[in-house]
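Taking it in order: structure first as structure tokens, then the write-up.
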Amino acid sequence: MRFAATVFDLDGTLLDTLADLANSTNAALAAAGHPPHPTDAYRYFIGNGIENLVRCALPATARDDASVARAKAAMEAEYSQRWQDKTQPYAGVPELLDALSARQMPMAILSNKPQAFTRLAVDALLPRWSFHPVCGAQPNIPPKPDPVAALHIAATLGLSPEDCLYLGDTDTDMQTATRAGMYALGATWGFRSGDELRQSGARALLAEPLDLLNFL
């Protein structure tokens with residue numbers, strides 16, 4: 001197998017964002033008079049964008065469109081204040097990115113996190129490495145698992161999707177990679193289980209970031 005580029009998911013793959021996302025959402029819930037969730041519960045709320053996150057976190061009786069919109073705005077306001085309180089790269093990620101950079105392998109990011117937050121996190125926490133393009137959630141671009149953004153990344157790099165590795169940590173990521181025709185690798189250090197990743201299309205599971213080098 002020879003691959004010419006690596007596409008990364010962000011939350012749960014390169015960065016451990018769980019605590020800051022959970023704390024921000026719980027603060028928004030509390031402001032609206034709703035109960036919070038344990039941090040680990042957010043492992044299953046994250047992955048399909050902030051609107052889906054708050055919809056999952058809200059009580060079933062408060063998931064109408066207006067309530068979701070208010071909760072989303074409140075969560076984004078909270079997150080803008082605390083997004084970097086605990087978020088950091090996972091162990092082994094800097095070493096992986098160094099190794100890929102040394103091989104001059106193009107690297108891109110595809111996230112369902114809003115574009116502004118995606119760019120902010122990459123610039124602040126992964127400043128030593130070059131990622132192009134960096135694609136977060138944007139208007140008029142369907143979110144993952146729709147493959148449109150993944151295909152756009154391949155085209156931007158001048159590559160066929162089959163030439164790209166795709167590393168992610170959720171069923172959404174594996175479905176995105178499969179639909180785009182990329183080689184799906186599951187990050188088992190992230191938010192979901194290896195079983196979920198396998199069942200969703202992972203071609204292989206990685207126990208730690210540097211395992212990706214075995215595919216080069």
Side-chain angles (χ1 to χ4, degrees), residues 3-24 42-43 46-50 53 76 78-138 141 143-144 149-150 152-154 156-157 159 163-170 172-174 176-177 180 182-192 197 206-216:
F3 297 99
T6 302
V7 181
F8 294 100
D9 172 53
L10 188 62
D11 296 43
T13 301
L14 294 179
L15 300 179
D16 184 357
T17 58
L18 183 64
D20 289 335
L21 287 167
N23 291 341
S24 299
Y42 283 91
R43 292 180 182 276
I46 296 166
N48 289 297
I50 288 183
L53 188 162
E76 289 178 331
E78 293 287 348
Y79 193 54
S80 69
Q81 300 300 313
R82 68 180 82 215
W83 70 271
Q84 201 177 352
D85 285 357
K86 298 183 178 181
T87 293
Q88 60 184 347
Y90 284 100
V93 163
E95 292 80 3
L96 170 63
L97 299 180
D98 282 342
L100 294 177
S101 296
R103 289 164 170 78
Q104 298 185 328
M105 171 168 271
M107 299 184 292
I109 289 175
L110 176 56
S111 176
N112 275 342
K113 183 193 288 290
Q115 177 70 11
F117 284 128
T118 297
R119 187 77 258 182
L120 184 65
V122 171
D123 289 347
L125 299 175
L126 302 169
R128 292 200 288 117
W129 302 281
S130 176
F131 301 95
H132 177 73
V134 174
C135 297
Q138 302 173 61
I141 298 177
K144 299 183 291 184
H152 167 73
I153 288 173
T156 299
L157 296 174
L159 298 171
D163 295 327
C164 300
L165 291 169
Y166 185 107
L167 179 63
D169 70 300
T170 69
T172 298
D173 293 314
M174 300 304 96
T176 302
M182 295 180 176
Y183 194 89
L185 295 175
T188 61
W189 57 86
F191 297 159
R192 306 288 180 82
L197 296 171
L206 307 187
E208 58 185 46
L210 286 171
D211 288 346
L212 184 146
L213 300 181
N214 295 330
F215 293 86
L216 303 184

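For reference, positions follow the sequence shown, starting with 1. Atoms considered below: every heavy atom in the structure, side chains included; atoms not considered: hydrogens, waters and symmetry mates. No experiment lies behind these values; they were computed from the predicted model shown.
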Examine distances only and state if a side-chain atom of Gln84 and a backbone atom of Ala121 form a donor-acceptor pair shorter than 3.5 Å. no
Testing Leu110, Leu165, Leu96 one by one against Phe8 for a side-chain contact (heavy atoms from CB on, under 4.5 Å), which residue passes? Leu96
Closest contact, heavy atoms only, Gly168 versus Leu197: O-CD2, 4.4 Å
Heavy-atom pair with the smallest gap, counting every atom of Pro114 and Glu76: CG-OE2, 4.1 Å
If you measure from SG on Cys164 to CD1 on Ile153, what distance do you get to the nearest 0.5 Å? 8.5 Å
Would you check, one step at a time, whether the test side chain to side chain contact (heavy atoms under 4.5 Å, CB included) holds for Leu15 with Leu126? CA-CA 9 Å; Leu15 300 179; Leu126 302 169; 4.1 Å; yes
Pro209 versus Gly92, closest heavy-atom pair with distance: CB-O, 3.6 Å
Are any non-hydrogen side-chain atoms of Leu159 and Phe3 less than 4.5 angstrom apart? no
May I ask you to test the Lys144-Thr170 pair for a side-chain heavy-atom distance under 4.5 Å? no
I'd like to check Tyr42 versus Leu21 (side-chain heavy atoms, cut-off strictly below 4.5 Å). Are they in contact? no
Minimal non-hydrogen separation, Gly12 against Thr17, with atom names: N-OG1, 4.4 Å
Verdict with supporting geometry, Asp11 and Phe117, side chain to side chain contact (heavy atoms under 4.5 Å, CB included): CA-CA 11 Å; Asp11 296 43; Phe117 284 128; over 6 Å; no
Is a side-chain donor or acceptor of Asp16 paired with a backbone partner of Tyr90 at a separation under 3.5 angstrom? no
Any side-chain heavy-atom pair of Ser101 and Met107 under 4.5 Å: yes
I'd like to check Leu100 versus Leu212 (side-chain heavy atoms, cut-off strictly below 4.5 Å). Are they in contact? yes
Quick one: list whatever passes side chain to side chain contact (heavy atoms under 4.5 Å, CB included) with Ala91, sequence neighbours left out. none
Closer than 3.5 angstrom, by distance alone: can the side chain of Asn23 be matched with the main-chain N or O of Asp20 as a donor-acceptor pair? no
Expected output: side-chain Thr188 to main-chain Leu206 donor-acceptor under 3.5 Å: yes
Might you point out which heavy atoms bring Ala19 and Lys86 nearest each other, and give the distance in Å? CB-CD, 3.8 Å
Can you name the nearest heavy-atom pair linking Ser111 to Asp9, along with the distance? CA-OD1, 4.3 Å
For the side chain of Asp163 and the backbone of Ala4, is there at least one donor-acceptor N/O pair under 3.5 Å apart? no
Intermediate values then yes/no, side chain to side chain contact (heavy atoms under 4.5 Å, CB included), Thr156 and His132: CA-CA 9 Å; Thr156 299; His132 177 73; 3.6 Å; yes
When you measure from the side chain of Trp189 to the backbone of Ala207, do you find a donor-acceptor pair of N or O atoms at a distance under 3.5 Å? no
Output for pair (Thr172 OG1, Asn48 CG), nearest 0.5 Å, gives 3.5 Å
Please step through salt bridge (Lys or Arg N to Asp or Glu O under 4.0 Å) for the pair Asp173 and Arg192, ending with a clear verdict. CA-CA 11 Å; Asp173 293 314; Arg192 306 288 180 82; over 6 Å; no
Exam field: side chain Asp169 to backbone Phe191, donor-acceptor pair closer than 3.5 Å: yes
Could you tell me whether the side chain of Leu14 reaches within less than 4.5 Å of the side chain of Leu125, counting heavy atoms only? no
Donor-acceptor pair, side chain of Asn112 and main chain of Gly47, under 3.5 angstrom: yes
Whether the side chain of Thr118 engages the backbone of Lys113 through a donor-acceptor N/O pair (distance < 3.5 Å, no angle test) should be reported. yes
If you round to the nearest 0.5 Å, how far is CG of Leu97 from OG of Ser130? 11.0 Å
Please work out which of the three classes, parallel, tilted or perpendicular, describes the rings of Phe215 and Tyr183, given edges at 30° and 60°. tilted
